[in-house]
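Below you'll find the structure, written out as structure tokens, and then a few comments.
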Amino acid sequence: MQRFGIIGGGAWGTALAQVLRRAGRDVVLWAHETETVAAINRDHVNAPFLPGVALDPAISATTELGEAVRADVLLLVPPAQHLRAICSALARAWRTGPIVICTKGIEEESGALMSEAAGAILPQSAFAVLSGPTFASEVARGLPTAVTLAAADAELGQRLIAAMGTRHFRPYLSDDVVGAQIGGAVKNVLAIA
């Protein structure tokens, strides 16, 4: 678990790229916006989504899904209502391997949890869910953060924690994949309120 592909170049995806670089991992960040990719590669910033945070220069950004999926692990971080479409695009390129769902929410049209939406399109993959009461800007700056990493496969969960965790970013293992997703979705509603 050395090379991570992050699908989603918003605030949370970018913050997780920073976390993974601090953990010594190779990171390729996929973003839809060409200007975001250019700014990350050239200036090491993501001003539209994570202003004021200098990014590790080793973070590589791309608009090509095929480049991002050449990874040991994928982190899915698109907006919740786009997750299914992203997974459909990934299905052509992603072989097999662990996928960590970092998107919080419930699919509006179907009522599906993110793991259900992704699992319907990529059934060959082992899924885990990363969730917690986090603020992307604080995580990106390296402030202490605790999160839940929920996985049905405890061995996979432990390997992901070892690969992603740092002194300031602590994932704690849970086997409650459904509860982690519902907690994350409810947290967002409360935060907005």
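Not measured: the values here are computed from a predicted model. The residues of the chain are indexed from 1 along the displayed sequence. Only heavy atoms go into these numbers, but all of them, side chains included; no hydrogens, no water, no symmetry mates.
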Note, [X] side chain near [Y] side chain (heavy atom, < 4.5 Å):
{"X": "Pro78", "Y": "His32", "result": "no"}
{"X": "Glu116", "Y": "Val178", "result": "no"}
{"X": "Arg3", "Y": "Arg25", "result": "no"}
{"X": "Thr36", "Y": "Phe49", "result": "yes"}

Is it true that atom [atom1] of [X] has more than 12 heavy atoms of other residues, nucleotides or ligands lying nearer than 6.0 Å?
{"X": "Gln81", "atom1": "CD", "value": "yes"}
{"X": "Gln124", "atom1": "CD", "value": "yes"}
{"X": "Glu35", "atom1": "CD", "value": "yes"}
{"X": "Glu108", "atom1": "CD", "value": "no"}

Legend entry - Of Thr134, Leu16, Leu76, the residue whose pairing with Cys102 passes side-chain contact (heavy atoms from CB on, under 4.5 Å): Leu16
What pairs of donor and acceptor atoms, side-chain ones from residues 141-152 against any protein atom, are under 3.5 angstrom apart with sequence neighbours left out?
residue: Arg141; atom: NH1; partner: Ser137; partner atom: O; Å: 3.4
residue: Thr145; atom: OG1; partner: Leu143; partner atom: O; Å: 3.0

Inset, instruction - Give a yes or no on whether a salt bridge exists between Arg21 and Asp56, defined as a side-chain N under 4.0 angstrom from a carboxylate O. - result: yes
Inset, instruction - Report yes or no: do Ser115 and Gln181 form a side-chain donor-acceptor pair below 3.5 Å? - result: yes
Legend entry - Distance-only polar pair, side chains of Trp30 and Thr63, donor-acceptor under 3.5 Å: no
